[in-house]
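What follows is a set of notes on a single structure, which appears directly below.
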Amino acid sequence: MKKLINDPRAVVNESVEGFGIAHADLVIVHPEPLFITRRDAPVQGKVGLVSGGGSGHEPLHAGFVGRGMLDAAVPGAVFTSPTPDQIIPATAAVDGGAGVLHIVKNYTGDVLNFETAAEMAEADGISVRSVLVNDDVAVEDSLYTAGRRGVGGTVLVERIAGAAAERGDDLDAVTAIAQRVVDGVRSMGVALAACTVPHAGVPSFELAEDEIEIGIGIHGEPGRHRIAMEGADGITQRLLDPIVADLSLTSGDRTIVMVNGMGGTPASELYIVFRKVAQLLGDLGVSIDRSLVGNYITALEMQGASLTILRADDEMLDLWDAPVHTAALRWGA
Amino acid sequence: MKKLINDPRAVVNESVEGFGIAHADLVIVHPEPLFITRRDAPVQGKVGLVSGGGSGHEPLHAGFVGRGMLDAAVPGAVFTSPTPDQIIPATAAVDGGAGVLHIVKNYTGDVLNFETAAEMAEADGISVRSVLVNDDVAVEDSLYTAGRRGVGGTVLVERIAGAAAERGDDLDAVTAIAQRVVDGVRSMGVALAACTVPHAGVPSFELAEDEIEIGIGIHGEPGRHRIAMEGADGITQRLLDPIVADLSLTSGDRTIVMVNGMGGTPASELYIVFRKVAQLLGDLGVSIDRSLVGNYITALEMQGASLTILRADDEMLDLWDAPVHTAALRWGA
Amino acid sequence: MSVADATGPLDAAWAVRWMRGTAQVVSENRALLIDLDRAIGDADHGENLDRGFGAVLLKLDGDAPETPAAVLKLVAMTLMSTVGGAAGPLYGTAFLRAATSLGDTGVVDPSGVAGMIAAARDGIVARGKAEVGDKTMVDAWTPASEAAETAAQAGATAPEVLAAAANAAHAGAVATEPLIARKGRASYLGERSAGHQDPGAVSTALILQAAAEAAGGEVA
Amino acid sequence: MSVADATGPLDAAWAVRWMRGTAQVVSENRALLIDLDRAIGDADHGENLDRGFGAVLLKLDGDAPETPAAVLKLVAMTLMSTVGGAAGPLYGTAFLRAATSLGDTGVVDPSGVAGMIAAARDGIVARGKAEVGDKTMVDAWTPASEAAETAAQAGATAPEVLAAAANAAHAGAVATEPLIARKGRASYLGERSAGHQDPGAVSTALILQAAAEAAGGEVA
Ligand SMILES: Nc1ncnc2c1ncn2[C@@H]1O[C@H](COP(=O)(O)OP(=O)(O)O)[C@@H](O)[C@H]1O
Ligand SMILES: Nc1ncnc2c1ncn2[C@@H]1O[C@H](COP(=O)(O)OP(=O)(O)O)[C@@H](O)[C@H]1O
Ligand SMILES: [Mg+2]
Ligand SMILES: [Mg+2]
Ligand SMILES: [Mg+2]
Ligand SMILES: [Mg+2]
C-alpha cells in the first residue's frame, strides 16, 4: 500500500485538519468529537442541513459545506459511518431555530447512527427530519437486500435541498424537495481497479487485467458482477441503461447528469463517458439541462466512474442554479 | 492497461468533445485543427491568452478557458505538444486587436512549436508575446539540461495573467506580470506510482511497493531519484525544502500555495500534505495567503502530488481574487 | 494471570475481565475480521471493533463500575460513540439491553446469564431487523441465546452457560459461510456473498468466548 | 516489389519510395521507439512519428510532386502539422532544409545527397541547439552527414552515399547509449539517462536506412 499518509489511524483527522486550514474562510473544524460546520453556523431562521458518513469519499461531505449546500458534515472513520456523539453536536451547532434535516445515505450503519442521533437531538428540543438517499440501481430495493445504496445522488440532494434551505423554505418544505430529488435520482457505477482502505492495507478486491466490476458502490466493495473489459462507450451504455429503465426516462424529459470519478480516474476519461451519455440521451430525446463531470463522491483512489441522473423539473433547475459556495462546488457566489 | 477509453488514438478528440458538450456555456471546441476558445472570443480590446501542450494534464489547459483566465487552449496528443497549425488559428481566433500572449511550458517540443506558430501569427499581423514557464526545481536550470520544466506554476501564471488581461492591461503589461509570476513560482513533485500512456499501454516506469520517485514531472517520466517510501510529512518536507531554498523564502513572505494531485491521488491525501506545508511554512513565518488543493495539472492517473509556491505581492493577490469563470476554477463569477 | 485462566463469580470484576479479554481477542483478530469484511463488505469491521474496545480499555482504566450492569452500560456507551458503522449501534444496543436485563445484581447467576444474552440478541434484532439466516451477527447471537437458555434450564453453572453460548455462537458463525446475505452491506453482493463467514457473527463468537473465558468456562 | 529492392535514379519517384519506406519502417518500429522514449522520455516518439508518416502516406496518395524537393517539402509541412512534440519541428525543419538544398533538380547526384543530409542536420542544430554528444538525433545526423560527404568526395554513387549515411547514423544511434542527455526531456533524468539509446537518434537511422533502401543501396 502506497499512500500520502502518515499513520493509517490519523488519516481522517489530519486530512480534515488540512481541509480546515485550506478553507478557513468557509468552514470551522470542530475536532473533538469531529465535525465540520460552515463558518457562519448557525444561520438564524434557516433550516440546517447535516450530512455525513464514512470518510474516503472526498470531497463528499465536507467539501460541500457552505452557503447553498450543507451546514455541517460529520466524517466517520474511512468507510465507517460516524457516531451519534458526533452527529448530535453537529446537529445542535447548525440549528438556527428552524430545525435540521439529516441527509443520510442508505447504509445500515449510517441509518442506525443517524437515527439514534436524531432521537437524542429531538430529545434536546431540536426538530429533526431525515431523508434517506438510495439511488444505486445496481442494488435491488427488495426484501433480500438492505435496500438500494446511497451514492452519487447524494450530491444532488445536498445541492438542491441546500438551495431550498438557503432561500428560506421551512423544514417540511426542505424535506419535501430533498425527498423529491431522492425519488427522481438514480446512479450506477463501475470499477476498473479497487481501492485500498488504509487500515486494511490491501486492495478491496482483485481484478484481472481484462476484468471490470459493474455495479460497485463507493466503499471498495465488489460490484454486482464481473465482466470482461470493454470500451468506454460500451461501459457507458451499461451504466445508462438500468438508470433509464428505472426512471422510465422518455423523450422530452429534462435531466441533471453527473459523471463522477471514483478518485483514480483522469478527468479526460470522465469526459469520454459524458460524451457517450450525451449521445445516448440525445438519441432518446432526453435533454441534459445541467451537468457535473469530475470527482464528487469517491472511493479513495479507486479507478472507475459512476453515472447519476436526476429527472429535473423547473424548481429543481432553479435551485440548482442558485448561488453555492463550498470548497468543491461553487457558482454565483 | 485499463482505461475508460475507446480507441487510444481517439482519446483526445473524444474527451475534448465531451468537454465541449459539458461546458457549452463557456467554450467552443474547434475540431479541425483542434483547439478550444472561450465562447465569447475574441474579446475586443482585450489581450488574448493562449496556452497549450500535450494532453493528459487535465483540467490544464482547456479547464482554464474562460473569463479571467485563458482565451484559448491548444491540446496536443497525450504528452505531445500541439503543432503550429493548431496554435496559429487559436491565436488568430482570440486576438481582439490587443495582441496575444502565449503561455508556454518549457519543453523543447512546446517551445519549438509555439515559436514557429508565434512567428507565423506575427507574419499574419498579430502581435504575439511569449512567456516560458519553468518552475520545476527538480531540474537544474543549467547547460546540462533543457532548463527547468514548466509544471504547476503554469496554473498560477494563467490565472494571474488572465486576470490582468481581463482588467484591461495591454500586451506588455500582461506579459510583464506573467513573467513576474514565472520568476516567483517554484514546484516540486513526487510519484507513488506511474501512469500509463494510452498509446504505450504499459506504465511509464515501475516502482517497487516500497519505492517512490522524487522530482517527477507531469509526463510520466521518471524523476530525479528514487527513494524508499516515507510518511506524508517526510515527503512533504522533501517537496518543500528545495522550493523554500530556491525562492529564499523568509519570515514575512506571503505566498499562494497549490497542492496538486497527479490524477490518481485522493483529495484526502492532498489535504494531509497541505496540512504539513502549512505547519512548515508557519514555522518559517511564511504566510499562506491563498491556496488551491486538488487536481489542477495532472499526469493521467499517476499517483502522487506536486507542491507549487508563489511568492506573492499585493497585485498578484488582487489579481488572484478577481472573478474567474472556467470549468475547473471559478469564483466571483 | 492470563485472562483465560481467571475464575470466580460473575461479578463486576468478571465483567471487567470479560471486556479486557474481548479487547485482547479483538485486537488479535483485527486482521481476520478486516479480511472477512473485505470479502463481502467494506474491510472495516476489525478496525472498528479494535478502535471501540481499545476505547473501552481506556474507560475501564479510569472508571471502576461496581456492578456487572454498570460495566456493560459503560461498554455500551463507549462502543456507541467510538465504533460507528453498523456494528457500533448494534453492539451498543446489545450491551445496553444486556445491562438493563441484569438490573443492580452484584453476581450474575446462570439464568441471569441466559437472560442477558437473550436481551442482547433481542436488542440487535430490534435495531437491525435481521432474521436468522440473513447472514448477520444474529446468526451467532440466536443459537448462543438458545444454548444458554437450555444450559441454564439443565442446571449448568454460570460459566458453563457462558461456555455453551460461546460454542453455539462459534458454530453459528461458521454456519453463515454458505448463506446469501440479506441484511447489511453484504446483501449488495447477492449470491457473491456466499462462501465467506459473516464478520459480525465471527466477532460475536469472539466476544462470547471472552465472556466464558473470563468466567473460567471451558470453551471447545 | 519490396521497397528494399527498388533501384533507380534519385528522382521524385525515389523520394516517394523513401517516404513510403519510412512510413513502413516507422510503423514496424513504433513500439520500439515508444519503449526507448518511455525509458528516458515520455513514451510518445514512436506514436508521434507513426502518426506523422501515416499522414505523409495519405498526402502522397493525393498528391504527386514532380521533384525530389517538392516531395520533401510536402513531407516537411505534413510532419510539422501532425507530429508535434520536439520531433515534429525538428524533422519538419530537417526535411524543409533538405528540400531547399535540392532546389529544382530532377535527379539528385552524390554530392547533392551529401548536401541534403548536411542541410537537414544543420537545420536540426539551428532549431534545437544540440551539440554532438548531447544524446539527441544530432548524434545520428552528424556522423551520417560526415560519412555522406566523405563517400561523395571518394566518388561513390548516390545510393552508396545514402548507404554510408545510414550506416553511420545507425552507429551514431547505438553510440548514444552510454551518454548522459543534455538536451530534450531525457536531460531531466541526469545520469539516469545513461544506458538507453536516444529514440530520435534511432528513428533518424531508420529514416536514412529507408532512403538508402529506396535507392537500392546496400545497408549493412
Ligand atoms: N441489519 C443488521 N442486523 C444485524 N447485524 C447486522 C445488520 N447489518 C449488519 N450487521 C452486522 O454488522 C456487521 C458489519 O459490521 P461493520 O463492518 O462494523 O459495519 P459496516 O457494515 O457499516 O461497515 C456484519 O458482518 C453483520 O454481522
Ligand atoms: N534540442 C534538441 N535537439 C535535437 N534533438 C532533440 C532535441 N530535443 C529533443 N530531441 C530529439 O527528440 C527526440 C524526442 O522526440 P519526441 O519524443 O517525439 O518529442 P518529445 O520529447 O517532445 O516527447 C529525442 O529522442 C531527441 O533525439
Ligand atoms: Mg463500514
Ligand atoms: Mg512528448
Ligand atoms: Mg464493514
Ligand atoms: Mg517523447
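Throughout, protein chains are lettered first and strands after them, A, B, ... in sequence-line order, and every chain is numbered starting at 1. Just the heavy atoms: all of them, side chains too, but no hydrogens, waters or symmetry mates, feed the values below.
- Closest heavy-atom contact between F79(B) and D42(D): O-OD2, 2.9 Å.
- H219(B) contributes atom NE2, which lies 4.5 Å from atom CZ of R185(D) (distance to the nearest 0.5 angstrom).
- For E122(B), the CD atom sits in a packed shell: over 12 heavy atoms of surrounding residues, nucleotides or ligands are nearer than 6.0 Å.
- For R38(D) (side chain) and G220(B) (main-chain N/O), no donor-acceptor pair under 3.5 Å exists by modelled atom type.
- Annotation: side chain of E115(B) is in contact with side chain of R127(D) (closest heavy-atom distance under 4.5 Å).
- Residue A186(D): no heavy atom, backbone or side chain, is found under 4.5 Å from chain B.
- The environment of K73(D) atom NZ is sparse: at most 12 non-hydrogen atoms of other residues, nucleotides or ligands sit within 6.0 angstrom.
- Atom CE of M120(B) has 12 or fewer heavy atoms from other residues, nucleotides or ligands within 6.0 Å.
- The greatest number of non-hydrogen atom pairs below 4.5 Å with chain B, out of G85(D), G84(D), A31(D), is found for G85(D).
- Note that CD1 of I87(B) and OG of S81(D) are 12.0 Å apart. Values are rounded to the nearest 0.5 Å.
- Expressed to the nearest 0.5 Å, how far CD of E47(D) lies from CZ of R9(B) amounts to 4.5 Å.
- Counting non-hydrogen atoms of other residues, nucleotides and ligands closer than 6.0 Å to NE2 of H196(D) gives a total above 12.
- Using a 4.5 Å cut-off between heavy atoms, D44(D) touches chain B through backbone and side chain atoms alike.
- At a threshold of 4.5 Å between non-hydrogen side-chain atoms, the residues R51(D) and T80(B) count as touching.
- Interface remark: P33(B) contributes no atoms to any contact with chain D (heavy atom separation under 4.5 Å).
- Counting non-hydrogen atoms of other residues, nucleotides and ligands closer than 6.0 Å to CD of E140(B) gives a total of 12 or fewer.
- The residue among A299(B), G109(B), A138(B) with the most heavy atom pairs within less than 4.5 Å of chain D is G109(B).
- Most heavy-atom pairs under 4.5 Å with chain D: of the set D136(B), V202(B), N113(B), this distinction falls to N113(B).
- In this structure, R182(D) and Y144(B) approach most closely via the heavy-atom pair CD-CD2, 3.2 Å.
- Residue A86(D) comes nearest to L112(B) through the heavy atom pair O-CD1, 4.1 Å, listed as atom of the first residue, atom of the second, then distance.
- Under a cut-off of 6.0 angstrom, the local environment of CD in E28(D) is crowded, with over 12 non-hydrogen atoms contributed by other residues, nucleotides or ligands.
- Neither the backbone nor the side chain of V111(B) comes within contact range of chain D, judged by heavy atoms closer than 4.5 Å.
- For the options G190(D), G184(D), G88(D), heavy-atom pairs under 4.5 Å to chain B are most numerous at G184(D).
- With rounding to the nearest 0.5 angstrom, the NE2 atom of H199(B) is 5.0 Å from the CD1 atom of I34(D).
- Chain D forms the most heavy-atom pairs under 4.5 Å with one residue out of G76(B), G223(B), G215(B), P82(B), and that residue is G223(B).
- The environment of CG in D104(D) is sparse: at most 12 heavy-atom neighbours from other residues, nucleotides or ligands sit within 6.0 Å.
- When heavy atoms are compared at a cutoff of 4.5 Å, D50(D) approaches chain B solely by way of its side chain, counted from C-beta outward.
- Only the side chain of E213(B) comes within less than 4.5 Å of a heavy atom in chain D; its backbone stays farther off.
- Contact annotation for T93(D): neither backbone nor side-chain heavy atoms come within less than 4.5 Å of a heavy atom of chain B.
- Annotation: E66(D), atom CD; neighbour count of heavy atoms from other residues, nucleotides and ligands within 6.0 Å does not exceed 12.
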